[in-house]
Structures are given as C-alpha cells and as structure tokens.
**Q** 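Below is the structure I would like to discuss, written out as structure tokens.
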There are 4 protein chains.
Amino acid sequence: MSFASGRHFLQIPGPTNVPDQVLRAMSAATIDHRGPRFAALVPEVVEPLKPVVGTSGDVVLYPSSGTGAWEAALVNTLSPGDRVLCFETGHFATLWQAMARQLGLEVDFVPGDWRHGVDPAEVPARLTPDVKAVLVVHNETSTGVTSDIAAVRRAMGDHPALLMVDTVSSLGSVDYRHDEWNVDVTVSCSQKGLMLPPGLGINAVSAKALAASESARLPKSYWDWKPIIEANKRGAFPYTPPTNLLYGLREALRMLHAEGLPQVYARHARHAAATRAAVQAWGLELLCADPQAYSNTLTAILMPEGHDADKLREVILDRFDMSLGAGLGKVAGKVFRIGHLGHFNDLSLAGTLSGVQMGLRLAGVPVKPDGVTAALSVLADA
Amino acid sequence: MSFASGRHFLQIPGPTNVPDQVLRAMSAATIDHRGPRFAALVPEVVEPLKPVVGTSGDVVLYPSSGTGAWEAALVNTLSPGDRVLCFETGHFATLWQAMARQLGLEVDFVPGDWRHGVDPAEVPARLTPDVKAVLVVHNETSTGVTSDIAAVRRAMGDHPALLMVDTVSSLGSVDYRHDEWNVDVTVSCSQKGLMLPPGLGINAVSAKALAASESARLPKSYWDWKPIIEANKRGAFPYTPPTNLLYGLREALRMLHAEGLPQVYARHARHAAATRAAVQAWGLELLCADPQAYSNTLTAILMPEGHDADKLREVILDRFDMSLGAGLGKVAGKVFRIGHLGHFNDLSLAGTLSGVQMGLRLAGVPVKPDGVTAALSVLADA
Amino acid sequence: MSFASGRHFLQIPGPTNVPDQVLRAMSAATIDHRGPRFAALVPEVVEPLKPVVGTSGDVVLYPSSGTGAWEAALVNTLSPGDRVLCFETGHFATLWQAMARQLGLEVDFVPGDWRHGVDPAEVPARLTPDVKAVLVVHNETSTGVTSDIAAVRRAMGDHPALLMVDTVSSLGSVDYRHDEWNVDVTVSCSQKGLMLPPGLGINAVSAKALAASESARLPKSYWDWKPIIEANKRGAFPYTPPTNLLYGLREALRMLHAEGLPQVYARHARHAAATRAAVQAWGLELLCADPQAYSNTLTAILMPEGHDADKLREVILDRFDMSLGAGLGKVAGKVFRIGHLGHFNDLSLAGTLSGVQMGLRLAGVPVKPDGVTAALSVLADA
Amino acid sequence: MSFASGRHFLQIPGPTNVPDQVLRAMSAATIDHRGPRFAALVPEVVEPLKPVVGTSGDVVLYPSSGTGAWEAALVNTLSPGDRVLCFETGHFATLWQAMARQLGLEVDFVPGDWRHGVDPAEVPARLTPDVKAVLVVHNETSTGVTSDIAAVRRAMGDHPALLMVDTVSSLGSVDYRHDEWNVDVTVSCSQKGLMLPPGLGINAVSAKALAASESARLPKSYWDWKPIIEANKRGAFPYTPPTNLLYGLREALRMLHAEGLPQVYARHARHAAATRAAVQAWGLELLCADPQAYSNTLTAILMPEGHDADKLREVILDRFDMSLGAGLGKVAGKVFRIGHLGHFNDLSLAGTLSGVQMGLRLAGVPVKPDGVTAALSVLADA
C-alpha cells in the first residue's frame, strides 16, 4: 500500500476507531498499582462499566483479549467433562465451543446456517438435564446476526444450567441487560463498543455463577474471579493490571455516559439501518436472513456469485485506505463485513459507504450506484 | 452543540485537520533552543520546506500567524509612504491592503467582484512608476478563486516593483514556484496545506527583496529577516522559536515528500473536481466565475436567493458535527465554503459532501440529491 | 551526544519542562476559530490568566515569542522619536532597549553591572520630563537578578511616563501585581512559568496604556491591542490564533490554580534557597550581588577564574543529559545558569544540583562536594 | 496526596517510567490485525526481542500480565500431578509455586531466607527423578536477590526436567541468555526493563519445551503456544493482539538497541552500585546478604529495628511525590525497595536517592546524611 493522506477508515467490526481523547488518556504516565492514586482509579472504571453491562453485580477485568474472557467464563464455573450447549451461529460461536472442547468439556453444538440467531424454540429439546452451561453469542461478529438473549433464557425455563453470553461486539453499542435477562456470565472486551485498543477482557458474573465457581474443578489461577473481586474492593488487583488501558476505559466510559447510553444505542441502530438501506439500493444481499436479528454494530454482505469478497476488500484498502472485515470460516471470500460501531458518526458512515460503493464499481461488481444516496436519506430523516 | 460521537469534520479552509502523527511529533518535550539538538533540527525544517515553496533561496519562519507574515513582507521591504498595488480579489486581499494602509503605505486598490482572479491585462495600466510592490493573493481563501502569478509577473514586464504573493491557502496543496515565477516575497503559514496547528508564519525571500530590505525604512525588529537568516545558518534563531511547531513541521514535510509533491497536488485537484461535480449536480452555483481560476483547496458556493448560508452551516454543525467556512466580508451569509485541503482523502471528502447534501436538505434549500453520487463518480474514475 | 536513557533535564531558565498533561492537552484536534467551541475557550484562557498577572484589566495574547510581546508594548504606546528610560540590568534589558532604538525611539540607557537590579533611587534623576516610558525587566533571565517593580513605580512619583515590565521569566513563578504596582504594560510569554512550549506572547495593559495607544504613531497592525481586545469579548481573535497553545494554556492555568498561586510562589522560593545553599556549599559565587534581588526562578553562578562555563555545560550535557543556561552577552563563558522554574519539584531539583556537582568535579573545577547535601537540608527542613 | 508539581518519581521495581516516545508510539491509531500493515509489524517486535532474551528460538507474546506468562509456562508443558521443584527466594517465587499447586501440580518448595538466591549445590539432592520442571526466579523483585541461572542448569546435570525462569524484573536490564544457559521457558512481561505499560506477557520457548507441550495434559487454550507461533509466522495472531502495546514494544526495542544492550546492562550495574553505596553511607543494611547475588534493577533495604518501612514510604510519597516498593509477604513493613531499572539515568537516580535520604530524615530514621554524596562519587567516577 502506498502512502495515503487523511485518516485510515478502520471499518472492521473491531478493533474500532479509538477516540483521540481515549488515546491521550492512555498516554498518561503509568502509576504505582499499589498506591492511593490507583486505588481511586479502580471504582472509576468498575462502577461506570456496570450500567453498560446492565448489572449491579460483579464485573471482572483482565489483562487479556476477549478470548481470554471466554476462557475465564469456562474455567471459573465448570469441571472437566461437564456438558455445555452451544449454537452454531457463526465463526466465533464455533471458536468458543472449540475452546470448550479443548479445555476438556463435552459440547453439544447445535448446527446453524450462519444466517440466523439461536432459535429459542430449539432450546428446550437440546437442553438435556446434564447440561451445565448454555453458551450464546449475542451479536455474531462474523455474520452480523444477533440472538435474543432474553428469549433464550426464558426458553431455558427452570433448568439449572448457567447462561453465558458473548457480547464482544455488542457491549457498549447495543442495549444489553445482564441482570434483567438473568445472564450468569457476560463475556466482553475493550476494542469494540468500548472504543479502546485491545488488551482488556471482561466478565460480568452473577451470584449463581460465583457460587458455581466454588465447586468448579477446571484448573484456574490467572482467571480466578475471586481474588480479583476481593482485591478490587480495596482498589487493587491481585497481579499487575493494565493501568494505561484502565485510564482509557475511564475516559471511554465518560464519553459513553456523556452521550447517554440510550443515545448511543439509537445512534448504532440508525447507522445500521442506513447501512442496510445502502445494501438494498446496491442490489446486494445481507448475510443475515432474519430482520429481527439484524446487528446494529456490523453488517455482513454477500458477494454476488462469481465475485470474491477478499478481492473487493483489497481494492478498497489499496484505493481508499479503508479496512473492511473479511468473511471468516465457512463464509470466507463470500462475504465482507462493514463495522459501524464505536466512535462513529453520520459523516464517517457516509464516507465508509462511499468507499464500499466506489470499491464495488472498481472491482467490477454489478451494483446500482444508489447505495450512498439511500443511506443519506435514512440519516437525514432520522 | 450536544455531545457528538466520532471525529469532528473540520472542513473550513483552514486550520485543517492536523494528522495524528504531526500532533504526536509536536508533543515531544521542548528542547534547549541554543543546544546541539536544536541546531540539527533547523535544517531539517528549512531545507525540505524550500521545494514546497519552489525556491532555493531564503525561507524565514516566525512564531506568528499568517497575518504576521503579511506584516513581515511589508515592513522588511518598504518605507513610509511607499506605493503598493493591490487587487480586490476577496476578503483577504482587502485585509492585506488595509494592513498596508495602516502601516503607512499608499495603496492603489484595484476593485474586483470577488468572483475572478487578478486580470493580468489590467496590470500594466495600474502599475504606475512609483509603485514599489505588487501584492497578490494566490488563492483567495474567502472565495476559492486563484490568480495566475506567473502571468501577473509577466504583465509587470521590467517594472522594478517587488511582487509579493500570499499563498496562505495554497502552499503545500497546489503547485507553486517562487523562483521560477520570479516572486520576491511569498507569504504563508502553518495551518493549511502544511497540516499544522496555527502559530508559524512563513516568508520566502528573493535576493532582490533582501536587497530592498537594506534601505526599507518602516520600523522593524521582530520581523527583521536578516538576523533570522543569519542565525538559521548556525542552527539558531535570534529569539525563542516555536520549537514544538518545528517538530510538527518536520513531520508534516516528511509526509508531504513521502506522498510526493506531484501526488499531493494531483490529489487536491481531484478532490476539487469532485466537489465541483457535486455542486453542479445539486444545481448550485460556484462563487468563482472563471473555470481557469477554480481553487483546488476550497470551494465557495453561492446560496440560492432567500437562503442564509450561516443558517445552513449551523444546521450542519449541530446535526453532523462538521465545520464549514462562512462567507466573509461582502459575501457574508451568501456563500459557504468547503475546505478540501491538507490531510484529506477520498472517503473524508465523501463524508464532507454527504454532510453538505444532508444539511442542504434539512435547511430546506432546494437541491437535487445527486451531488455525492456525482462526486463519487469523479473520484472512482480518476 | 550519544543516545541517553531517561528523561532529559531541561534546566535552562526557559523553555521549561512542559508537563505531560499540557502536551497532551495541546495534542487535541485544532478547531474552527470562528465557531462556538472556540468562543467558549477564549474566556477559559483569558480569565484564569488575569490573577497570575495580578490584573483585572485587559490581557492580550499573540501568536509570537516574548520578543514579539516586547515589540507590541512599544508600538502600541509610543511614537517615533519618543524617549524611553531603560536600565542595563542584563542581556535582555540590553536587547529590549536595542529593539526600542531600532524601532525609532530615543533611549536613555542607565548603565549597570549585571549584578544588581534597578536602583529606585536612581530613577528620579534619570526620569527627565520628556520620558514617555520606563522599561524594566522584573527578573533578568540572563543574571538571576530581580528588580523591585513597586519601588520603581513609587520612585517615578507622579511622572506621567508609562511603566513597562518584562516578566518573561517571573510570571507564574513569582508573585507579580500588575494592578497593585500600577504597571502599564506587562510583557510575558508562554515557555517559562506558564509551562508551555514557546509561541505565545502576552501583554497586560492598563487603562492608561490603552489610552496612550490612541495617539501612538509607531506603525502597528499585527500587534494592535484594540482589535484583539474587541474580538476577545465575543470569543474570537482578529486573525488565526494559536489554538493548540491555548489548549495548553488552559490546562497549565488549571494546574497553577490547583496547586494554588501562593503555593507555587513558595515552591519557587524554596527551590531557589536550596540552590543558593548548594552554591555556597560548593564554594562558588552567585552573579547576583544583592541578596534582596535574588531570583526565585533561576540562579546564575560565576565560574572560578580560569574555568570556562561553556566547557562545564558541555560536560554536563554530554555526561548527564542536562541542559543548563549559558552566560549571555557580557558574561558569556563566565557564568552558567540553572533554571529552577515551572513544572518542577524537590527531587528534580536534587537531580539537577547533583548533575552540576558531578559536572563541576569532572570539569576539574575546584569545589567542595557538599552542595547537594546542603540543598537537601534546606528542602527537607522547609 | 495534594497536588504536586513536577514529574512523579515512579521508583517501584515496576511498572517503570515509560519513555514519552513509547507512550506516543502507543497512541497511534489501532489497525486491522488481519491486514498487511499488521503483518509487517509482527516481525518488527518479535525479532528484535530475541536478542534481549538471548534466544534465536520462539518467543510468544500474550495480552496478559506477567502472571499470565507464568501460567502459560506451566500449562503448556505439564500434566496434572506432575512434580515441579521450586525455591523460596522471595515473594514472587512463593506466588509462582502457589500457582503451580492451584493448577494441580505437585510442588517441592525448597525453603529459603529471602536473602540469598538459589544455592546450586542444593539442586542435585532436591532434583528427584520424577521432577518434571525446575522453576527459578532470576531476579527476585521482592528482595533484590538474583539467582545464577547458568549454575542452576549445570547443577541439574543431565536430569530431563525442564528449566523455567522468571525474568520479570531482569529482562532488558540485565544480561540474560536463554539459549546459552539452556533455559526451556523464560517468563517475562512488558512493564519493567522493556519500559512499557503492563499488559504484555512473554514466553521464550526451547525446542524441548515445545516438544513437551505435545504431551502436556493441563487444559490450555488461550495460553497454547502452538497457534501463536504458527500464526506469527504469517504476521498474525490467533486472537486479537494488544496492537498498541506492540507499537510501544517496537519503539522500546529500538531504544534499547540504539543504546546498545551492553551499554544498557552496564548502566543498570552502575546505578545499582551507586545505590548500594548510598545505602552503606546511610548506615543501613541491604536485604540481600550475598554480594554475588545483588540485583542490578532494584535494591531492597532493611529498616532499622523499630521503624516501619510503610510509614517511610508514605512520608516520601506525600512529601516528595515518589513511589517506592513496599516490603511484600514475609518482609512487609520491614523493607522498602528502590527500583532503578528501565528508562532511567544518573540524575533521576540522584533525585531518587535524595528523596530517600530526605524521607529517612523526616521519618526519624537514624541515618548519616552521606548517601547521596557517596552515590554521586560512584556515578561521577564510573
């Protein structure tokens, strides 16, 4: 790629564009993690994070990626050979169940077509008595398909299994209610809706999950919730925390609350609607086949037969300095993904969709040149 | 203005969007301006600036705005009561001649309609024998109209007057040739095509101008070229220089040369063409009435009768977090200006034009919704 | 100089060490200087600056160095041929009167030995009836000698001359009272006690000075107070302001007021006392010969006969990565200067004095190795 | 703590003072971790890290703290019930063996007095045939005591156990030779000698360790070396990497290599010697009882009977804005620790020791006031 003027458009579905003020906040000098200034910082990141997760319970932060937060959810609550129920909603659901297998769990993996979310109606039959946990991805980053968490929980009835939910690409961008929906472990990370660089893993933990951790026998040390929750109460961590990311988190949470969470969620909904309007006007097809399940944070688009999504992305990167998400796993080469989450606004979305429209043309994909205009109509009317 | 997510679009014709790497370069610790590290810095900013100005001669940097660089050009070369010839090409030409008057010079101010550049054919008649300097604005920031500097110089024939040119909103974005065009003083500053924050004034000085400064009798001390040129030779300044802006200038010049000056100029030409295509497709009129004089760095657009440009700008600022340039002076309220210079790319331009298109609609200005699509055609084809 | 680990010690008497949070504040994106966000910024820098200057009157900010602020003071208030009274307290007093001459003023320059401040007793005899202004340097950056401004003003009696004071290296570090001491023009800049990079010139202006500017006939345009004061009232500037430096100024003023001005002044007094204790313990001599006139922001130290101050500074720079101030003008090579102003604390001072002590030893200067210990006693006791 | 001017002195033994240029490097925009620019970044961090570890083999980076890198070493190589041999050299050795126990390993923990390193002579007797791994802390961060890794390896003879070494507070500051000393897993992290904020865990892995990982049966997924090593070969990571920390690592490694690793190590040795000279001159006692085992990166100092180390640290933090390391575990309240590693120079060390000397005095600890002077002698002579 040759030298490019202007800002890169990072429109993968995460990591997202980190606000300058967050990067600046992160560039403050690292402090003593055992001193009084750090002790004051801990509640300033933990407390304002709770409403974003929709919980008044415990939130645990790790120096890790979101993958680490997946592992934390499993090793804190389960024992070797435990059965978990997973749903093949896309690439990341597939990876999470693969991790569960690798850690020594038994996995029931309900097949899916990557174009629909979890069907709650399917849950009761799949939920055998020995299932210890149900794992659901709230917003599949690989497909732009969401699952209805509240409905899944309702479908679980009074089965004692834990409900664990991956909110990696939804948290901070989409309304999410850990407590109200009775989720036991919410898994997330820093580099999507929370507008931070990668490096911070998140678990929100119900009382029931915490109780389960007492008897869980998968080996755990680094991921162990208990010492972190205990240490946090006195403004500390049991091992060196990622201090500068915490500075960034404090600033990012200030920004989210300054905008207002309902406003943040409405903005993402509006941008997603405008993006889908563009897709329709181009004459292309969404990967997500269920309008109830459309993601508000990313849109995965099917390439017309005979056209390679990765070739398109390469044209767009070379010519317009914009990164789009690749098709992953089963849909590699067949879809591309537009991330429209995090620190983002109408004009950046317009620039993004303009880049896609021009790229489609340059890549020789037969589309109508009406996508951007359609999106602008949605944005101006909203 | 309420809290806004995403990056502000600063699309006034300067200050322009400063690249992050320039801001980071500027945030390095200030150093001793009398020490060896500073001495090494001076040629690293002065030398790479020269090809941008098109000179192999002297370039003088001031801690000042561009207005200071105007004053420097005058007080270094002229004496009280000297006659200068100016052309009313717009607001900034008007301000510069007013400054000349205030400093005690006699000004011949050739009237203009703000829609055309200097007419070289008019120069000989206006160039009375006692004129000591001709002042021309290369690229009128208030109107988006350029003047043909080489033609003006040719029209001056062998008249001994100095030629002084304001390149505030062209330098670094448009091909400019101080030496080849035989300009005596080129005036510029940091916050436009050089992609820096404001605070640095620039003069490029011909040997003839330097000679003139020997006998010029307007009082000068801060602006005096000689001590600066002398001190620069040994890597110093006669008074404390704006060290951190110099760090930024070094980085900005690296970026311009990495992209390649011809590529930089072509980019600006392409963006200007795309912007004009949008204006035409909207059915609006450019302020610039001469296609030969279109600016490549900004576009001033006339509002249809009965519509207020400032109201439009307010809508766009409030709704889309984009700053556009106001009409200044004679054209206040009647035009708005889009800056498309500096650190800028195709998708940012698309976002910019999208904001204008939506703003026009929201402000009730009767336009066709085809501007962005037209611009994208230009951009994708180029 | 080879690569050096750790932070450079910038202990010249300015530019001073800019706090990280100020550099970060300055790295925010430049905004439209004609928009509402900028309008809100103006009072946030102007108002908190006033108590630092000790005025409730007008303060004028320039994109310039302090040298520009000197020129502004003169051209706003005086006419060609006007007589001004200056005192040779050091290098900068000498430069200021030279500027006055160059601008066409008549200068009475009272000789001095660079080791004492202005003698108020000398003022009445020197203050001939035609003197239009008295120029005094509050804190001579070249010598570490202060002058008693209140006493000078008292000595002027009811003579109508304006009193202009250079506070370049005292403002923000030492108690200064523009209004109470009846100063007419206070001159300062950003890169010393205000803890900013260079690039911002400051004038504080009395009503009498403002009135004088009505009839002053030195040419002025860029430096003209009136348009700036007028524009500031509506949150604007008449030409492009140095926006990012203003961000830094806002943050620096927040820091000064958070510490508390009395605490800031006491800190500087304490550090100066500790430095002098070190000098005495080394067995060296201060340039300042009057204990009443010791500067709290810098200390100039005489080299023993036969030892070159610049050689010492070179050793210290090469070996300990610390920049010290050179002797300037008459005392070049004979003194070195330690800056202990701005963003500075006890341990940084200890490091500074340690570097001087080791450097003296390495340069073969015969001193007792007791300076640091003596300084630590002062610091720990205070 | 009240507002403090000047820079905080972060003289705990890590996190260390992060260089400004590293913080700036880290504040660049996050990029697509699946794109070509990221692919180019991977070798730019992995390759220059290898000489710092002294290996030409595999190096694995995690988004984690150093504690995570401990866990990675264990779960990649061992199976439930495996026996490991550990030595009680201090607090972190104690934590590491506790982690091993918690993960289901059998631990032989050789008692120690926290004042000596591992005695190689003790190894053969302790090294029972079923020991699968020997765990040694190279530089005990809690005590300032080092162990001779090469000697330990020699003492292991041809026993097949793996040798795992914690270099958390030595890597990048002290000569370390993973390959030459035949270490199997070297454990480290970002926030000490590598001059970065916390958040990056490091394993260097021998071929033998890699082979052992094939049959190791502790559950592993996040920490699994194989997918990371494989992905790194094509410039990728199996899950989202901490991109901005990698930017910082690239810059920090450039700095280390620019200074030269031998020069870096010599600097740390010199600073440690100066610190010990100060301790001796104060009349205090080092925790480390073996001169062969003195740490070059931190110094732990015993408080005289009846004086509380934490009270001293509190005085120093409140009065001089310097953070020192607490005594941990067995020596809580009895020792304080001075970190003198990472981005550090002579004058910062002088400031640090000055703060300790003044703090000791203010806390009423009976010491001679000669420590700083003694240290300066060492520094100036070296």
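So you know, we letter chains A, B, ... as the sequences are listed, proteins then strands, and number each from 1.
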**Q** Residues in side-chain contact (heavy atoms from CB on, under 4.5 Å) with A/Val365, at least two apart?
**A** A/Met303, A/Pro304, A/His307, A/Leu360, A/Ala363, A/Val367
**Q** Side chain from CB out, backbone as N, CA, C, O: work out which of these in A/Gln263 comes under 4.5 Å of a heavy atom of chain B, or both, or neither.
**A** neither
**Q** Under 4.5 Å, counting heavy-atom pairs only, tell me which of B/Pro19, B/Ser348, B/Gly371, B/Gly6 racks up the most with chain A.
**A** B/Gly6
**Q** Heavy-atom count check: over 12 atoms from other residues, nucleotides or ligands less than 6.0 Å from A/Glu44 CD?
**A** yes
**Q** Just by modelled atom types, is the B/Asp381 backbone N or O under 3.5 Å from a matching donor or acceptor in the A/Arg361 side chain?
**A** no
**Q** Compare every heavy atom of B/Ser354 with every heavy atom of A/Leu347, then report the nearest pair and how far apart it is.
**A** CD2-C, 4.4 Å
**Q** Sort A/Leu379 into side chain, backbone, both or neither according to what part of it lies under 4.5 angstrom from a heavy atom of chain B.
**A** both
**Q** Taking B/Asn345's backbone N and O only, do any of them form a donor-acceptor pair with A/Ser5's side chain (distance below 3.5 Å, no angle check)?
**A** no
**Q** Going through the checks in order, is the salt bridge (charged side-chain N to carboxylate O under 4.0 Å, His left out) test met by A/Asp20 and B/Arg24?
**A** CA-CA 11 Å; A/Asp20 293 348; B/Arg24 282 198 299 276; over 6 Å; no
**Q** State whether the number of non-hydrogen atoms from other residues, nucleotides or ligands found under 6.0 Å of B/Lys50 atom NZ is greater than 12.
**A** yes
**Q** Taking A/His343's backbone N and O only, do any of them form a donor-acceptor pair with B/Arg7's side chain (distance below 3.5 Å, no angle check)?
**A** no
**Q** Can you say whether A/Phe9 sits under 4.5 Å from chain B via the side chain, the backbone, both, or neither, judging by heavy atoms?
**A** side chain
**Q** In terms of heavy-atom proximity below 4.5 Å to chain B, should A/Ser27 be classed as side chain, backbone, both, or neither?
**A** neither
**Q** Which distance, rounded to the nearest 0.5 Å, do you find between the CG of B/Asp370 and the OG1 of A/Thr373?
**A** 7.0 Å
**Q** Under 4.5 Å heavy-atom distance to chain B, tell me which part of A/Leu376 shows up: side chain, backbone, both or neither.
**A** both
**Q** Which one, A/Arg319, A/Met322, A/Gln357, leads in non-hydrogen pairs under 4.5 Å with chain B?
**A** A/Arg319
**Q** Going by residue number, which parts of residues 190-199 of chain B are within reach of chain A, meaning a heavy-atom gap below 4.5 Å?
**A** none
**Q** Locate the shortest heavy-atom distance separating B/Ala350 from A/Gly351; write the atom from each residue and the value.
**A** CB-CA, 4.3 Å
